[in-house]
Amino acid sequence: MNTQTDIKVLDSLLALHLEVNIWTARKKLSPEDFAGATLPPEDLASLGSKRVCDPEALRVFGTLKARAVSLLDRHGIRFLGGWAIPESQADAIVTELDQILQDFNAAKEDFLSRYDESVRDWIAKHSGWEQIIADSTVSADYVRSRMGFIWRLYRIVPPNAADPVMKGLKDEVASLGQTLFGEVSKAATEAWHKCFAGKTEITRKALSPLRTIHQKLSGLSCVEPRVSPVADLIHTAFEHLPKRGRIEGANLLMLQGLVSLLRDTDALIEHGQKIMDGTTSKNLLSLLVEGQGEMPELDVQEEVDILPTVDDLPPIFPDIPMQPVLPNCGLW
């Protein structure tokens, strides 16, 4: 099912490009490293790499990069090699990126202050291979130049509509809705396998990925007309959950039906359209629980087919606040 994203959505979005460089501590192996041993010819096999420093000492940088990527994935959409983020959330996102930058720089200075000692320990740990490590070490200044964490935030102003370059940008923007629903599908699939598949009860911790999806959809509701109805559907499901305790029975079945729907991009867009056409979120959830809705096919279909009929959803519970939804700004 096609999505609809107008070029005017760029008025509400900013582009963010993240660049994180992490020294790999790897050097290419050379024939000299094997002290005259017979090696296969180069057209048959190639040499790999050797580590010149303990990779554990660098793990923190990979963790910090993953933290930044997760932040941007939670709030933005992949766009032009980076992310498109809601302008309304830019300050909060930059504040968190600033904190990650400070953590990265602190870890970098800590690593460099111990760099020479770390290399000596690595050489001492690999008795018999000291020389091939020592011959490949680099200075701390070189390592410093190979590590960095920066981002650039900018606004994209479309050129004149008659400009030929406009078509490429227009195509990129037009795919934003499909990209957003695709990212939701991926996150929902991960949540399904991690928290919902085959479960007869869950803790409230299992709601975390759904909250993240809801937050993302609410912030990016300007991207496509059917995004906001889907965000409302998730919020309605939250409202029907008990305030405390484990989630089971009809409530769990409702959530499993919801996650199953979120996993199927076409079905999700179709149900978003149904809400726009007048079906209420509560009625749609009831249909999902009763198995009367158009459920997407799953690799664990039998877990959905056994859903029993329920008469009514539990009372509304308002402990999870509704995220603000951006106005359509005349886009649809």
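- A pairwise comparison of heavy atoms in Ala25 and Leu58 identifies CB-CD1, 3.6 Å as the closest pair.
- Side chain of Lys216 to backbone of Asp73: a donor-acceptor contact under 3.5 angstrom is found.
- Once rounded to the nearest 0.5 Å, the distance linking NZ of Lys186 with CD1 of Ile213 reads 12.5 Å.
- Ile93 is not connected to Leu180 by any chain of hydrophobic side-chain contacts under 4.5 Å among Ile, Leu, Val, Met, Phe, Trp and Tyr, and they are in different clusters.
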Would Ser70 and Arg74 count as a side chain to side chain donor-acceptor pair (under 3.5 Å) here? Give the steps. CA-CA 6 Å; Ser70 175; Arg74 291 198 309 272; 3.1 Å; yes

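- In this structure, Leu64 and Val60 have side chains that are in contact, with non-hydrogen atoms separated by less than 4.5 Å.
- Considering all non-hydrogen atoms of both residues, Leu72 and Leu97 come closest at CD2-CD1, 4.4 Å.
- Judged by distance alone, with hydrogens and angles left aside, the side-chain atoms of Thr137 form a donor-acceptor pair with the main-chain N or O of Ala134 at under 3.5 Å.
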Check: residues 40-48 side-chain donor-acceptor pairs under 3.5 Å, at least two apart:
none

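- Checked for salt-bridge contact, Arg67 and Asp103 meet the test: a charged N lies under 4.0 Å from a carboxylate O.
- Contact between Ser185 and Thr265 at its shortest, heavy atoms only, is CB-OG1, 3.6 Å.
- Rounding to the nearest 0.5 Å gives a distance of 9.0 Å between CG of Leu13 and CD1 of Ile156.
- Looking at Leu241 and Leu255, their side chains come closer than 4.5 Å, going by heavy atoms from C-beta outward.
- In the hydrophobic clustering of this structure, Ile77 does not group with Leu153; members are Ile, Leu, Val, Met, Phe, Trp, Tyr whose side-chain heavy atoms approach within less than 4.5 Å, directly or through other members.
- With Glu130 contributing its side chain and Gly128 its backbone, the two residues share a donor-acceptor pair below 3.5 Å.
- When hydrophobic clusters are built by joining Ile, Leu, Val, Met, Phe, Trp and Tyr residues whose side-chain heavy atoms come closer than 4.5 Å, directly or via intermediates, Leu285 is grouped together with Val259.
- Note that the NZ atom of Lys65 and the CD1 atom of Ile100 stand 13.0 Å from one another [nearest 0.5 Å].
- Ring orientation note: the planes of Phe104 and Phe149 are tilted relative to one another, at an angle of 30° to 60°.
- Val230 has its side chain within reach of Leu268: a pair of non-hydrogen atoms, C-beta onward, lies under 4.5 Å apart.
- Taking a cutoff of 4.0 Å between a charged side-chain nitrogen and a carboxylate oxygen, Asp171 and Lys167 qualify as a salt bridge.
- A side-chain donor-acceptor contact under 3.5 Å links Ser113 to the backbone of Asp110.
- Residues meeting the salt bridge (charged side-chain N to carboxylate O under 4.0 Å, His left out) test with Lys50, sequence neighbours left out: Asp33.
- One finds no salt bridge joining Lys199 and Glu248 here, because no Lys/Arg side-chain nitrogen approaches an Asp/Glu carboxylate oxygen to under 4.0 Å.
- Using modelled atom types, one side-chain atom of Thr236 and one backbone atom of Asp232 make a donor-acceptor pair closer than 3.5 Å.
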Thr179 vs Glu183, side chain to side chain contact (heavy atoms under 4.5 Å, CB included): CA-CA, chis, key distance, verdict: CA-CA 6 Å; Thr179 301; Glu183 292 178 0; 3.6 Å; yes

Residues Ser286, Asn283; criterion side chain to side chain donor-acceptor pair (under 3.5 Å); working and verdict: CA-CA 5 Å; Ser286 297; Asn283 286 342; 5.1 Å; no

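- Between Phe79 atom CZ and Ser175 atom OG the span is 7.5 Å, to the nearest 0.5 Å.
- Two residues are said to be in side-chain contact when any heavy atoms from C-beta on lie closer than 4.5 Å; Trp83 and Trp151 fail this criterion.
- Gly177 approaches Thr5 most closely through the heavy-atom pair N-OG1, 3.3 Å.
- Going from atom CG of Asp54 over to atom CH2 of Trp122 covers 4.5 Å, rounded to the nearest 0.5 Å.
- Smallest separation of non-hydrogen atoms from Gln256 and Trp192: O-CZ3, 3.5 Å.
- Leu261 places a side-chain heavy atom less than 4.5 Å from the side chain of His271.
- With hydrogens and angles ignored, the 3.5 Å screen pairs no side-chain donor or acceptor of Ser118 with any backbone N or O of Arg114.
- Salt bridge status for Glu109 with Arg144: present, with a side-chain N to carboxylate O gap under 4.0 Å.
- Residue Arg78 places its CZ atom among more than 12 non-hydrogen atoms of other residues, nucleotides or ligands, all under 6.0 Å distant.
- In this structure the side chain of Arg226 never reaches within 4.5 angstrom of the side chain of Lys274, judged on heavy atoms.
- Although no hydrogens or angles enter the test, the distance criterion places a donor-acceptor pair under 3.5 Å between the side chain of Asp264 and the main chain of Ala267.
- Neither Val94 nor Ile150 shares a network with the other; the hydrophobic side chains, linked directly or stepwise wherever heavy atoms of I, L, V, M, F, W or Y lie under 4.5 Å apart, form separate groups for each.
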From CA spacing to verdict: side chain to side chain contact (heavy atoms under 4.5 Å, CB included), Val143, Met147: CA-CA 7 Å; Val143 176; Met147 303 180 74; 3.8 Å; yes

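- Leu262 and Ala188 make their closest contact through CB-CB, 3.6 Å (heavy atoms, listed as atom of the first residue, atom of the second, distance).
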Worked check of salt bridge (Lys or Arg N to Asp or Glu O under 4.0 Å) between Glu56 and Arg59: CA-CA 5 Å; Glu56 282 299 315; Arg59 185 181 297 275; 2.4 Å; yes

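- Side-chain heavy atoms closer than 4.5 Å link hydrophobic residues (I, L, V, M, F, W, Y) into clusters, and following such links, even through other members, never connects Leu14 to Val157.
- Remark: the backbone N or O of Leu217 is not paired with any side-chain donor or acceptor of Ser221 at under 3.5 angstrom.
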What verdict does the side chain to side chain contact (heavy atoms under 4.5 Å, CB included) test give for Thr3 and Ile269, after you've listed the backbone C-alpha separation in whole Å, the side-chain angles of each residue and the deciding distance to 0.1 Å? CA-CA 8 Å; Thr3 56; Ile269 296 172; 3.6 Å; yes

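- Side-chain atoms of Phe181 and Asp266, non-hydrogen and from C-beta on, never get closer than 4.5 Å to each other.
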Decide yes or no on side chain to side chain contact (heavy atoms under 4.5 Å, CB included) for Val69 and Leu18, but give the supporting numbers first. CA-CA 8 Å; Val69 171; Leu18 175 69; 4.2 Å; yes

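- Note that NZ of Lys27 and OG of Ser136 are 6.0 Å apart. Values are rounded to the nearest 0.5 Å.
- Between Tyr115 and Trp23, the ring planes lie perpendicular to each other; the angle is over 60°, past the 30° to 60° tilted range.
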Decide yes or no on side chain to side chain donor-acceptor pair (under 3.5 Å) for Gln273 and Asp277, but give the supporting numbers first. CA-CA 6 Å; Gln273 184 64 49; Asp277 292 342; 3.1 Å; yes

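- Counting heavy atoms from C-beta outward, His126 and Ile133 have side chains that approach closer than 4.5 Å.
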